Amino acid sequence: MKYLFNIFLLCLACFTFKSCNTATPENYFDQAVLNTNMLVGFAGSGMARELESPSVKMEEGTGKAVPMKRKEVVNDRIKYLEESLGKIKDLKETPDTKEMLQSSLALYEYVLPVYKKEYVQLAALYDEGADKEKIQSQLQGINDKYYSKFNELMDKLINTGKSYAERHSIKVNWGVGGGQ
């Protein structure tokens, strides 16, 4: 009997621990909406500026600051976006979070293939020293092909995020004229 009681306590502790591990509304919001800040500039001037003037890194051995290869910049972005997408997929979908999570997933799943193909190709053009006209043509092609749908998906996510934040009293600064 004591054995069964111990098993019961163990199961109770496991269920209690699991229920304490539930994500908070703030966590849902942070993962699904706030982390998309890294997408600002997609198919527009932001990513173009980042590739035109890449960040610097410390060179191994010398400790000297050197510009990153554009391929490194794009690969770092891809890695971050894949990690963010994985975190969103790990969140339990509820009736309250469904629209926001699905909007976020749709946005990430739209941009990731573009980073993996077109932005990798663009980074190679920069790294290989291609002429500016070819680089500009690739940039314009990305913008023309993807910006409109990206903007539509981002607007939907922001609108669902605003609604979710309001329902859960999450204070958010949406920028100039953006409300809370």
Side-chain angles (χ1 to χ4, degrees), residues 23 27-93 97-162 164 172-175 178:
N27 183 260
Y28 274 95
F29 181 82
D30 290 351
Q31 295 302 320
V33 181
L34 194 59
N35 282 350
T36 62
N37 284 339
M38 284 295 287
L39 297 175
V40 171
F42 174 83
S45 62
M47 192 63 186
R49 280 191 307 274
E50 192 171 343
L51 291 173
E52 183 66 34
S53 301
S55 299
V56 295
K57 65 178 184 175
M58 299 305 282
E59 187 175 52
E60 286 185 40
T62 67
K64 187 172 115 180
V66 295
M68 293 176 71
K69 296 276 187 203
R70 275 52 169 225
K71 182 179 180 182
E72 293 172 303
V73 172
V74 173
N75 285 341
D76 285 351
R77 180 68 54 95
I78 291 168
K79 181 180 176 189
Y80 176 83
L81 295 175
E82 286 176 335
E83 289 170 0
S84 295
L85 178 60
K87 289 176 184 177
I88 294 165
K89 287 180 175 181
D90 288 345
L91 292 171
K92 181 182 177 195
E93 189 177 281
T97 62
K98 181 179 180 175
E99 186 178 11
M100 182 178 64
L101 290 178
Q102 287 180 353
S103 295
S104 188
L105 288 171
L107 181 64
Y108 278 98
E109 289 170 349
Y110 182 74
V111 301
L112 258 169
V114 180
Y115 275 103
K116 289 180 177 182
K117 184 178 179 195
E118 282 91 336
Y119 276 116
V120 165
Q121 292 169 347
L122 180 59
L125 290 175
Y126 272 107
D127 289 340
E128 294 164 3
D131 46 277
K132 294 200 182 287
E133 293 80 28
K134 192 169 187 178
I135 290 171
Q136 188 57 41
S137 175
Q138 177 80 2
L139 280 168
Q140 192 61 49
I142 293 170
N143 190 330
D144 292 347
K145 188 172 182 181
Y146 298 107
Y147 182 76
S148 180
K149 179 72 173 179
F150 166 75
N151 200 40
E152 178 185 315
L153 291 169
M154 183 61 92
D155 284 349
K156 181 177 182 185
L157 176 61
I158 295 301
N159 288 332
T160 61
K162 283 181 178 181
Y164 183 84
V172 182
N173 180 353
W174 295 102

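Predicted, not measured: the structure shown is a model, and the values here were computed from it.
- Looking only at side-chain heavy atoms (C-beta outward), Y80 and D76 stay at 4.5 Å or farther from each other.
- Contact check for K57 versus V66: side-chain heavy atoms found under the 4.5 Å cut-off.
- Once rounded to the nearest 0.5 Å, the distance linking CD1 of I135 with CD of E128 reads 9.5 Å.
- Taking all atoms of both residues into account, the shortest heavy-atom contact from D127 to K71 is OD2-N, 3.0 Å.
- Looking at heavy atoms from C-beta onward, V74 lies in side-chain contact with M47 at the 4.5 angstrom threshold.
- Atom CG of D131 is separated from atom CD of Q136 by 11.5 Å, given to the nearest 0.5 angstrom.
- For L153 against A106, the heavy-atom pair with the smallest separation is CD1-O, 4.0 Å.
- Atoms CG and CD1, on L107 and I88 in that order, are 8.5 Å from each other to the nearest 0.5 Å.
- Looking at T97, its side chain never comes within 3.5 Å of a backbone N or O of E93 through a donor-acceptor pair.
- Here the two rings, on Y115 and Y119, have centers that are under 6.0 Å apart.
- Heavy atoms of other residues, nucleotides or ligands lying less than 6.0 angstrom from CD of E50 number more than 12.
- Listed for the N143 side chain is no donor-acceptor partner under 3.5 Å among the backbone atoms of L139.
- The two residues M100 and A32 have their closest heavy-atom pair at CG-CB, 4.0 Å.
- Residues A23 and L91 come closest through the heavy atom pair CB-CD2, 3.8 Å.
- For the pair K116 and I78, the minimum side-chain heavy-atom distance is below 4.5 Å.
- Ring planes of Y164 and Y28: tilted class, angle from 30 to 60°.
- Salt bridge absent: R49 and E52 never bring a charged side-chain N and a carboxylate O closer than 4.0 Å.
- Residue N37 is tested with V33, L34, L39, N35 for a side-chain contact (heavy atoms from CB on, under 4.5 Å); the sole match is L34.
- Within the model, atoms OG of S84 and CG of D30 stand 11.5 Å from one another, a figure rounded to the nearest 0.5 Å.
- Taking the side chain as every heavy atom from C-beta outward, Q121 and L125 never approach each other to under 4.5 Å.
- Side-chain atoms of V111 and Y146, non-hydrogen and from C-beta on, never get closer than 4.5 Å to each other.
- To the nearest 0.5 Å, atoms CZ (F29) and NZ (K162) are separated by 10.0 Å.
- At most 12 heavy atoms of other shown residues, nucleotides or ligands fall within 6.0 angstrom of atom OH in Y147.
- Between E118 and P113, the shortest heavy-atom contact is OE1-O, 4.0 Å.
- The environment of CD in E59 is crowded: more than 12 heavy-atom neighbours from other residues, nucleotides or ligands sit within 6.0 Å.
- A donor-acceptor pair under 3.5 Å links the side-chain atoms of T160 to the main chain of K156, judged by distance alone.
- In summary, of the residues considered (E82, E83, K89), a side-chain contact (heavy atoms from CB on, under 4.5 Å) with L85 occurs for K89 alone.
- Atoms CE and CG, on M154 and L157 in that order, are 6.5 Å from each other to the nearest 0.5 Å.
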